K.L.:
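Below you'll find the structure I mean.
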Amino acid sequence: MKITLSFEQTITDDVSILVDALRASTTITAALNNFNEIIPCFSPEHAFETNKKYNGVLAGERNGAKIEGFDVGNSPKTLEDYKLNDNKPLILTTTNGTRALEKMNSTVLIGSLINAKAVAKKSIAISDNHIDVVMAGRKGKFAIEDFLASGEILFWIKEELNDEYDFKISEYAQSAILARENYDNLKKSFYNSRSGEKLTEMGYKTDIDYCIQKNITDNVAIYENGILKLI
Ligand code: MLT
């Protein structure tokens with residue numbers, strides 16, 4: 001078994017775990033408490049068009065802010081608590097997270113700090129020979145929060161594989177595991193990251209508080225036929 005870490009694009013056709021810790025991956029994971037299906041869209045226009053067919057709940061952000069005409073933004077806490085009285089899907093578009101899905105050519109799971117252990121276990125259960133954790137990044141650049149959340153997921157993959165499997169873990173992946181060791185420093189890095197500062201400035205600090213929680217859910221989304229749903 002091979003365990004790797006990548007940036008923006010996956011290097012396997014087996015199993016990838018997409019990580020956009022602030023906030024898309026966390027939002028998708030939390031929203032599965034209330035929505036059976038999440039349809040990721042690559043642009044606001046695509047989301048409006050898709051919603052004509054589904055009449056769902058329109059969610060998303062551009063530059064962190066709720067998109068005009070949408071029902072909600074990209075807040076994990078809001079979507080976890082969103083009360084619905086029928087079985088509508090969530091139509092979601094975000095700047096980096098949902099767009100990264102467009103480039104995937106493997107089985108894709110969605111990972112974050114809030115489901116790190118659960119996504120690690122599921123990835124092992126469905127993988128044949130290679131799990132690649134993919135950091136979504138921010139506008140084409142490295143994002144420290146994705147690196148640290150990936151480290152937490154990789155830590156759990158390593159824990160789960162220990163003794164039972166023969167596996168090789170790349171040096172890049174090992175670095176992420178080492179970087180996530182001190183939880184207080186991890187939390188500080190989330191708040192001080194470019195995304196963290198921007199979210200705080202926009203009044204979404206409570207979303208960062210939510211995203212830095214470790215292993216609070218067993219929800220794991222799988223992306224299949226254009227739809228995200230629980231695996
Ligand atoms: C994204 O997909 O780019 C994000 O999650 C950004 C955000 O929610 O602010």
Side-chain angles (χ1 to χ4, degrees), residues 6-10 16-32 35 38-48 50 57-82 90-104 108-116 119 133-150 152-153 187 189-213 217 219-221 223 226-228:
S6 299
F7 175 63
E8 277 198 326
Q9 287 194 2
T10 189
S16 311
I17 302 175
L18 178 65
V19 180
D20 182 358
L22 286 175
R23 300 166 285 178
S25 310
T26 313
T27 299
I28 290 165
T29 304
L32 286 171
F35 296 88
I38 300 172
I39 303 170
C41 292
F42 308 121
S43 65
E45 297 69 35
H46 179 205
F48 275 122
T50 307
V57 174
L58 265 179
E61 57 68 40
R62 278 301 174 273
N63 295 317
K66 175 163 114 56
I67 299 162
E68 211 187 312
F70 274 39
D71 300 306
V72 278
N74 183 32
S75 164
K77 192 67 197 133
T78 308
L79 284 160
E80 186 191 44
D81 296 340
Y82 204 89
L90 182 73
I91 317 291
L92 177 71
T93 180
T94 73
T95 315
N96 308 288
T98 56
R99 289 168 68 90
L101 284 172
E102 221 174 350
K103 301 174 193 160
M104 297 288 191
V108 183
L109 304 180
I110 306 297
S112 62
L113 279 183
I114 68 164
N115 73 345
V119 75
V133 179
V134 183
M135 301 175 285
R138 187 171 189 262
K139 298 186 177 168
K141 293 198 173 129
F142 176 88
I144 193 166
E145 67 278 12
D146 292 344
F147 183 64
L148 295 169
S150 296
E152 182 67 19
I153 295 165
K187 287 192 270 193
S189 299
F190 264 61
Y191 289 108
N192 295 335
S193 66
R194 284 168 301 140
S195 293
E197 283 185 348
K198 173 102 188 171
L199 288 169
T200 304
E201 201 182 289
M202 296 180 80
Y204 296 128
K205 187 168 172 289
T206 51
D207 278 347
I208 311 175
D209 301 339
Y210 188 86
C211 294
I212 57 171
Q213 301 175 97
T217 177
N219 287 356
V220 177
Y223 182 53
I227 294 177
L228 289 156

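Owing to the predicted nature of the structure, the values given are computational and were not obtained by experimental measurement. Start at 1 and go down the list; that is how both ligands and their atoms are numbered.
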K.L.:
Any Lys/Arg nitrogen of Glu201 or Lys198 sitting under 4.0 Å from an Asp/Glu carboxylate oxygen of the other?
P.N.:
no
K.L.:
With a 4.0 angstrom cut-off on heavy atoms, strictly below it, pick out the residues next to ligand 1 and order them by chain and number.
P.N.:
Asp20, Leu22, Arg23, Ala24, Glu61, Gly64, Asn74, Thr94, Thr95, Asn96, Gly97, Leu199
K.L.:
Just by distance, no angles: are the side chains of Thr93 and Arg62 close enough, under 3.5 Å, to form a donor-acceptor pair?
P.N.:
yes
K.L.:
Run Ser75 and Asp207 through side chain to side chain donor-acceptor pair (under 3.5 Å) and show every step you take.
P.N.:
CA-CA 6 Å; Ser75 164; Asp207 278 347; 2.9 Å; yes
K.L.:
For Thr200, check side chain to side chain contact (heavy atoms under 4.5 Å, CB included) against everything at least two apart and list the hits.
P.N.:
Lys205, Ile208
K.L.:
Looking only at heavy atoms, what is the nearest atom pair of Phe142 and Phe7, with distance?
P.N.:
N-CZ, 3.6 Å
K.L.:
Return yes if a side-chain donor-acceptor contact under 3.5 Å exists between Asn96 and Lys141, otherwise no.
P.N.:
no
